[in-house]
Number of protein chains: 2
Amino acid sequence: MPSEQVENYLKNIYKLQTVEEKVTTSLLSEKLEISSASVSEMIKKLAEEGTLKHTPYKGVELTKEGEKLALKIIRRHRLWEMFLVQVLHFQWDEIDEEAEKFEHIMSQKMEDKIDKVLHYPTMDPHGDPIPQRNGTIKPNSAYPLSDAKKSTTVRVVRVSDTSSELLQYLSSVGIVLHKKIFVKECLRFDNSLIIKIHGQKEITISNKIAMNIFVEKI
Amino acid sequence: MPSEQVENYLKNIYKLQTVEEKVTTSLLSEKLEISSASVSEMIKKLAEEGTLKHTPYKGVELTKEGEKLALKIIRRHRLWEMFLVQVLHFQWDEIDEEAEKFEHIMSQKMEDKIDKVLHYPTMDPHGDPIPQRNGTIKPNSAYPLSDAKKSTTVRVVRVSDTSSELLQYLSSVGIVLHKKIFVKECLRFDNSLIIKIHGQKEITISNKIAMNIFVEKI
DNA sequence: TTTATAGTTTAGGTTAACCTAAACTATAAA
DNA sequence: TTTATAGTTTAGGTTAACCTAAACTATAAA
């Protein structure tokens, strides 16, 4: 049974691997806000335990075993988020922090009960896929709104879940999961987007915000 | 914010105080399964922090502050137990262990949401009173079935929650909360009780089991 | 080919909570 | 009044996860 801290390392390595080509100890250090000396020590320990491989200067890579553990934690995190929203009526910007704690103490029985009560969901409230019990995860084909072409209509399928401020802002302007968005214009100056949200009037959003909204072509 | 371990000390001291006249470091050591040297150290620390007073050889006593913290944990434990049974459909013998973990990481917001979903319950699934948000707790007037007089009828209002084996056994013979029990006979030999459970046939239960079932006169 | 920089590791230290072994001391029973 | 016992504390040690400061080294740009 890995410790809470070990679980956090594995989870973050997994997530970083989907975004960055190299997951170095120093990148991890930055993400986890732990000194690189400490990360280095921990990586050494995890490599000895067989959950990952570290090639210095090339980055770490989870083993089958490590990936399985990481997906377990991510599954618990996302199931719990879904539960917070659907059963306890939390807002979507309040749940990430809560789930950070609960993901580590959920027993298998608990996981199964929640899965059942929610009717075996496949997405969490931000549109992230929930890994299944057998460890499979549906890759998300969505791309950031910032990459959408001018004059196209897209549908919001996922939103970055790490900033509750962002989530609050999106709710306030009416950007929620499954909304249709028409991309009217992209300003050359700073890549701001002028968009029209289905059933509402036009607004302008910054490039940084657009990078955190994931969409699919309709 | 007290650590998980500190919370466990405070909770157990509170519970022991309701049962024993003296809560000594060695009694705590036994309950918590921690060496008395370690308990002694921790008690010293807690006394310095002002959550309890220790008079060597006389036992510890929680301060107002300490009692408040203890009741908070007990409230979270029992609310969570109730939630596990009512919302996630756990059996009453599976919940104590789960709640032991969750009681420490429940935020105020979480506590309030659960309280609301359950419609502000006053009892947990074993019949133990749930402390209210303001820190009041309804004292339980029940007494153990082992003290019930011969030829009286009583009602089960609470059951000791610490052994899941006991709870399973009680379910299997039909002893659940609010059941009426007629005490037919008490065997001199070992204080076994011959009882008739309302709507069922007579059974005999040991004194030890009877001590863990709490009843009220009808 | 050199060298700055990014990435990594080592050395030495801290903290909270635990441990065993041994010494101490108040209380209650003889 | 003595003394066994229950209760307590001290001394010295461990472990996991963290830290800073300093040294080391592969890679990529000059």
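Values in this document were obtained by computation on a predicted structure and should not be read as measured data. Protein chains get the first letters and strands the later ones, always in sequence-line order, with residue 1 at the start of each.
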Can you tell me if [X] touches the phosphate of [N], counting only side-chain N or O atoms and a distance under 4.0 Å to OP1 or OP2?
| X | N | answer |
| --- | --- | --- |
| B/Ser40 | D/dT9 | yes |
| A/Ser3 | D/dA17 | yes |
| B/His54 | D/dG7 | no |
| A/Gln5 | D/dC18 | yes |
| B/Ser26 | D/dT8 | yes |

Figure out the [atom1]/[atom2] separation between [X] and [N], and round it to whole Å.
| X | N | atom1 | atom2 | value |
| --- | --- | --- | --- | --- |
| A/Leu28 | C/dT9 | CG | C1' | 16 Å |
| B/Met42 | D/dT9 | CE | C1' | 16 Å |
| A/Asn8 | D/dA16 | CG | C1' | 15 Å |
| A/Glu20 | C/dA6 | CD | P | 15 Å |
| B/Tyr9 | C/dA17 | OH | P | 9 Å |
| B/Leu46 | C/dA16 | CG | P | 13 Å |
| A/Lys44 | D/dC18 | NZ | C1' | 16 Å |
| A/Lys31 | C/dG7 | NZ | C1' | 18 Å |

Do the numbers put A/Lys113 on top of the ring of B/Phe90, so that NZ or CZ is under 6.0 Å from the six-membered ring centre and no more than 45° off the axis?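 Positive - A/Lys113 is close enough to the ring of B/Phe90 and near enough to its axis.
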Please determine whether the number of non-hydrogen atoms from other residues, nucleotides or ligands lying under 6.0 Å from atom NZ of A/Lys58 exceeds 12. no
Do you see a donor-acceptor pair shorter than 3.5 Å between the side chains of [X] and [Y]?
| X | Y | answer |
| --- | --- | --- |
| B/Lys72 | B/Gln108 | yes |
| A/Ser38 | A/Ser35 | yes |
| A/Ser164 | A/Glu97 | no |
| B/Asp96 | B/His77 | yes |

What stems show up for DNA chain C when you take Watson-Crick pairs (N1-N3 plus N6-O4 or O6-N4) and G-U wobbles (N1-O2, O6-N3), both under 3.5 Å, and require three or more consecutive pairs? C:1-30 with D:1-30
Does a side-chain N-to-carboxylate-O contact under 4.0 Å join A/Arg133 and A/Asp115?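 Answer for the salt bridge query: no.
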Between A/Arg78 and A/Glu103, is the closest basic N to carboxylate O distance under 4.0 Å?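 So A/Glu103 does not pair with A/Arg78 through a salt bridge.
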A/Phe102 ring center within less than 6.0 Å of B/Phe102 ring center: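 Aromatic pair counts; centres sit under 6.0 Å.
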Encode nucleotides 19-30 of chain D as B, S and - characters from 5' to 3', where the letter depends on protein heavy atoms closer than 4.0 Å: B to the base, S only to sugar-phosphate, - to neither. BBB---BSS---
